Amino acid sequence: MKKIYVKLAALAAVVLATSSCQKSFLDEKPYSSYTPITLNDSLGLNSSLVGLYNHTSTYYSWSGQQGWLSVWQVGTDVANATPNQQGIEIPYYNYTLLTPTDGAASYFWNRNYIMVNLTNTIINSVEDPSLTAISQGGKNRISAEAKFFRAYAYNNLATCFGGVPVITKALSAPKTDFVRASLDEVNKVIVEDLTFAVNNLPDIESVGSNTKGKLYGRANKFMAMQLLAEATCEWTNPIWQRLSCRALSTVVDSN
């Protein structure tokens, strides 16, 4: 019996050694993937669109520093600073401490450019001539929803930073030679994207449905009209009037 165990152990060692020496031993066999290459049908593209809503939720829900929320309120007539500050919000009411490398500004820049790249991936995939499984109307609606979010990101960037690099193609490799575009160039992209969205998104009562009812949270043409009104109002007014512009555009859109 002992000899049998020894022989089995020797055989197992030989099999293991043989298989481990094969070149293909470490080759991975993915059974599914999520890359721009796989965005070739309505299911994959719709999943990517849903991901944009998830990403939007990360703009103002950063939990690493609760002071992040105060960046947008403390120092205005909405809220006052207290003696106990975390630090991230201090430069936004004590402007002598605000620098180009500010952590909150960097975070907001990063979130918006991730959104830009996500939307570019969807838009580029839809515009690929090889995509024939979706009708032109379906392509337009998918592209319109993605362009709404791209315009949202660029409007945030233009409001906070002025002229910024304009990117309309998805990045698939590191890039370090970005060039800042003029504010007019950024605004042009915003207007073109939102105009397309207004013309191709459904109205609020025509949005899709699922088993739980209407998907009223999905982008619709009135959301695009609201953002377009806000963006164009901001261009012609100084920074201190931008909040009033946003309130005015809400009133105009509601009427």
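Computed from a predicted model, the values in this text were never measured in an experiment. FYI, the numbering just counts along the sequence from 1.
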Check against side-chain contact (heavy atoms from CB on, under 4.5 Å), N220 and D203: CA-CA 5 Å; N220 59 72; D203 64 43; 5.8 Å; no
Minimum heavy-atom distance between A197 and A224, given as atom pair plus value: CB-CB, 3.8 Å
CG-OG distance between D193 and S143, expressed to the nearest 0.5 angstrom: 8.0 Å
Approximate separation, where rounding is to 0.5 Å, of R150 CZ and N155 CG: 14.0 Å
Atom pair CD (Q226) and CG (L228), whose distance is rounded to the nearest 0.5 Å: 10.0 Å
Nearest non-hydrogen partners of A104 and I88, listed with the distance: CB-CG1, 3.8 Å
Side-chain H-bond candidate by donor/acceptor type, D184 with S182, under 3.5 Å: no
Charged N-O contact under 4.0 Å between E145 and R141: no
Linked, directly or transitively: L194 and L49 (ILVMFWY side chains, under 4.5 Å): yes
S125 to T121 - nearest heavy-atom pair and separation: OG-O, 2.7 Å
Under 3.5 Å donor-acceptor, D41 side chain and A133 backbone: no
Shortest non-hydrogen contact between R218 and V207, atoms and distance: O-CG1, 4.4 Å
Step-by-step side-chain contact (heavy atoms from CB on, under 4.5 Å) determination, N187 to I190: CA-CA 5 Å; N187 289 337; I190 295 171; 4.1 Å; yes
From NZ (K147) to CG (L201), nearest 0.5 Å: 11.0 Å
Common cluster, L118/V164, ILVMFWY with side-chain heavy-atom separation under 4.5 Å: yes
side-chain contact (heavy atoms from CB on, under 4.5 Å) evaluation trace for Y216 with E205: CA-CA 8 Å; Y216 289 119; E205 289 300 335; 3.2 Å; yes
Single-linkage hydrophobic cluster V186~F178, side-chain heavy atoms < 4.5 angstrom: yes
N124 side-chain N/O to A170 backbone N/O, donor-acceptor pair under 3.5 Å: yes
Approximate separation, where rounding is to 0.5 Å, of L45 CG and I134 CD1: 5.0 Å
Transitive ILVMFWY side-chain link Y60 to V74, under 4.5 Å: no
Donor-acceptor pair, side chain of N120 and main chain of I167, under 3.5 angstrom: yes
I114 CD1 to L52 CG distance, which is reported to the nearest 0.5 Å: 12.5 Å
Donor-acceptor contact present, side-chain N110 to main-chain Y113, <3.5 Å: no
N80 CG: over 12 foreign heavy atoms closer than 6.0 Å: no
Backbone of G44 reached by a side-chain donor or acceptor of S48 within 3.5 Å: yes
Step-by-step side-chain contact (heavy atoms from CB on, under 4.5 Å) determination, Y93 to I90: CA-CA 6 Å; Y93 62 85; I90 294 175; 3.6 Å; yes
Ring pair (Phe, Tyr, Trp, His ring centres under 6.0 Å) contacts touching residues 146-174 (sequence neighbours left out): Y53-F149, Y59-Y152, W109-F161
Considering all heavy atoms, the nearest T119-A146 contact: CG2-O, 3.4 Å
Joint hydrophobic cluster, V189 plus V191, side-chain heavy atoms closer than 4.5 Å: yes
Nearest heavy-atom neighbours spanning N200 and A144: CB-CB, 3.7 Å
N199 side-chain N/O to T195 backbone N/O, donor-acceptor pair under 3.5 Å: yes
